[in-house]
*Asks:* 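Submitted below is the structure of interest, expressed as structure tokens.
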There are 2 protein chains.
Amino acid sequence: MPNSTIKLQNMRMKDLIEKELMNWIMDGRLDKGQRLREDELAEIFGVSRIPVREALHVLELKGLVEVTPYIGATVRQLSSSEVKQVYLMRCLLEPLAAEHAAELITKKELNNLKRIQEELECLCCVEHNPENRRMVYDKNRDFHMAIYNASKMDILVNLINNLWDNIAFLRIRSAYSPDYPEMMKREHRDYIHLLSVHDGKTLSKVLRENLEQHAKFFQVI
Amino acid sequence: MPNSTIKLQNMRMKDLIEKELMNWIMDGRLDKGQRLREDELAEIFGVSRIPVREALHVLELKGLVEVTPYIGATVRQLSSSEVKQVYLMRCLLEPLAAEHAAELITKKELNNLKRIQEELECLCCVEHNPENRRMVYDKNRDFHMAIYNASKMDILVNLINNLWDNIAFLRIRSAYSPDYPEMMKREHRDYIHLLSVHDGKTLSKVLRENLEQHAKFFQVI
DNA sequence: CCGGATTTGTTCGTATGTATG
DNA sequence: CCATACATACGAACAAATCCG
């Protein structure tokens, strides 16, 4: 009898359900305002209501679900004003993490970053279709988080992750411009270069400028 | 039969327990590393484990409690490196909120702010003792949040609130320098003036400088 | 390496609050 | 305004995982 391929140690139903619901929200299977009933989800996942309930409450605190006591839970997606706020925060926080990362990044972390970038470029070579769009999103996110994690500022990185979660639905669904992959590739190679020469000041400046550009793009949608 | 003095509408046990535990952590009744067992707390509060459990999970996401699956929950207090991170984030985020607040603040909100400041100065008149230290903290926090709320940037304000929660234990317990009340009074009057003339740029600059000062103070402790 | 004690994770049943007729 | 329907909030018991001897 073979063992399970996936190590479920310390993985509670609650966590699995949370991740699954997040996927559903991100890829559009659940739309804004969609009602999330505990019973219904419990039946779908084949568990009782409690782990569903806990997952919903976690997602509420993360800003992806709105829970009203005794009424119920609905999918929450940020309004355009709220998305703007998230971008303003990202423009301040991500350059901060990147600046520290440039000081502290190790050879090993830099190599890991280069490996992620190679994988990302592979994904971008093939045509952009809905199937690999999610993979590009995930890999791009890995790339950015690999930079921020090098700052060793765990609290800050955790917060940045939350901000990304909040706008994930937007970034995965919105149409990429045709030159998006090329632009991303150029930006990322800049980041890698600036990190390798430990130029935190320039990195933080470039990153902020790029983020401001991206923010503008999402504002017109 | 008289009605309850406190309106408990939409106030779940979970929320009450969460607030109470936060108070315990803030005023030092619970120390770092203190074990928080669900059934023990359930007995203390006279409820079942479920609301206690949910409160603990909320506090985990807010950064005040550490929960390890199948092991348990302990009180978490930020290390000095983590406190530093929080101050770096506050130095970026609070000036941002304040700048927008200066543009958008209404006469009514400004009057409310002045009223809070009067109450705060009253509290500061009497000698600083442990009993009113907490009240001074709360009122000062009300003052700052009244400013940030005027920005109407709810996501940002919520995040700032979380940051304050994370370092509350430090600010309430640490010794005030004798001239702290006078310094705070001066700073606050500056803020009120700059808000009333809608000078967001200067406000954000002054606020950041003050925050950097405060950060230095807590770093030596 | 294994078994008991302990604590959390989950299930199911009941109570309570909300909204609609 | 009250009754009913519905979904969540809570309580008690069982199952699973961890730790220690």
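By convention in this document, chain letters (A, B, ...) are assigned in the order of the sequence lines, proteins followed by strands, and residues within each chain are numbered from 1.
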*Asks:* State plainly whether the residues Arg141(A) and Asp165(A) are in salt-bridge range, i.e. N to O under 4.0 Å.
*Replies:*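 Looking at Asp165(A) together with Arg141(A), the answer is yes, because their closest N to O distance falls below 4.0 Å.
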
*Asks:* Output the rounded distance in Å from CZ (Arg12(A)) to C1' (dA16(D)).
*Replies:*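 For the pair Arg12(A) CZ and dA16(D) C1', the rounded distance is 13 Å.
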
*Asks:* Atom CG of Leu16(B) to atom C1' of dA9(D): distance rounded to whole Å?
*Replies:*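 That distance rounds to 13 Å.
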
*Asks:* Expressed as a whole number of angstroms, how long is the span from Asp39(A):CG to dC6(D):C1'?
*Replies:*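 Nearest whole value for this atom pair: 10 Å.
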
*Asks:* Given atom CZ of Arg37(A) and atom P of dT8(D), what is their separation to the nearest angstrom?
*Replies:*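 The distance from CZ of Arg37(A) to P of dT8(D) comes to 8 Å, rounded to the nearest Å.
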
*Asks:* Could you tell me the separation between the OH atom of Tyr70(A) and the P atom of dA7(D), rounded to a whole number of Å?
*Replies:*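 These atoms are roughly 16 Å apart.
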
*Asks:* Any salt bridge linking Arg53(A) with Glu54(B)? Criterion: basic side-chain nitrogen under 4.0 Å from a carboxylate oxygen.
*Replies:*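 So Arg53(A) pairs with Glu54(B) through a salt bridge.
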
*Asks:* Rounded to whole angstrom units, what separation is found between the CE atom of Met13(A) and the P atom of dC14(D)?
*Replies:*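 Rounded to whole Å, this separation is 22 Å.
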
*Asks:* Test: ring pair (Phe, Tyr, Trp, His ring centres under 6.0 Å). Region: residues 29-63 of chain B. Which pairs qualify, not counting sequence neighbours?
*Replies:*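 As it turns out, the ring pair (Phe, Tyr, Trp, His ring centres under 6.0 Å) pairs with a partner in residues 29-63 of chain B, which skip direct neighbours, are Trp24(B)-Phe45(B).
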
*Asks:* Take the protein atom CD of Glu38(B) and the nucleotide atom P of dT10(C), then report the distance between them rounded to whole Å.
*Replies:*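 It works out to 11 Å between those atoms.
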
*Asks:* Does anything in residues 43-55 of chain B come within less than 4.0 Å of DNA chain D? Heavy atoms only, and list the residues if so.
*Replies:*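 When residues 43-55 of chain B is checked for heavy atoms under 4.0 Å from DNA chain D, the hits, listed by number, are Val47(B), Ser48(B), Arg49(B), Ile50(B), Pro51(B).
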
*Asks:* Identify whether any heavy atom of Leu36(B) sits under 4.0 Å from a base atom; if not, whether one sits that close to sugar-phosphate; answer base, sugar-phosphate or nothing.
*Replies:*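 If one applies the 4.0 Å heavy-atom cut-off, Leu36(B) turns out to touch the sugar-phosphate alone, with no base involved.
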
*Asks:* To the nearest angstrom, how far is Ile71(A) atom CD1 from dT16(C) atom C1'?
*Replies:*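 Going from CD1 in Ile71(A) over to C1' in dT16(C) covers 13 Å.
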
*Asks:* Evaluate the side-chain proximity of Ile17(B) to Leu41(B): yes if any heavy-atom separation is below 4.5 Å, no if none is.
*Replies:*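 Not touching, per the 4.5 Å side-chain cut-off.
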
*Asks:* Do Glu187(A) and His214(A) have side-chain atoms, one donor and one acceptor, less than 3.5 Å apart?
*Replies:*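 Per modelled atom types, Glu187(A) and His214(A) side chains form a pair under 3.5 Å.
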
*Asks:* Is it true that Arg29(A) and Asp27(A) make a salt bridge, defined as a side-chain N closer than 4.0 Å to a carboxylate O?
*Replies:*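 Here Arg29(A) pairs with Asp27(A) in a salt bridge, since their nearest N and O are under 4.0 Å apart.
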
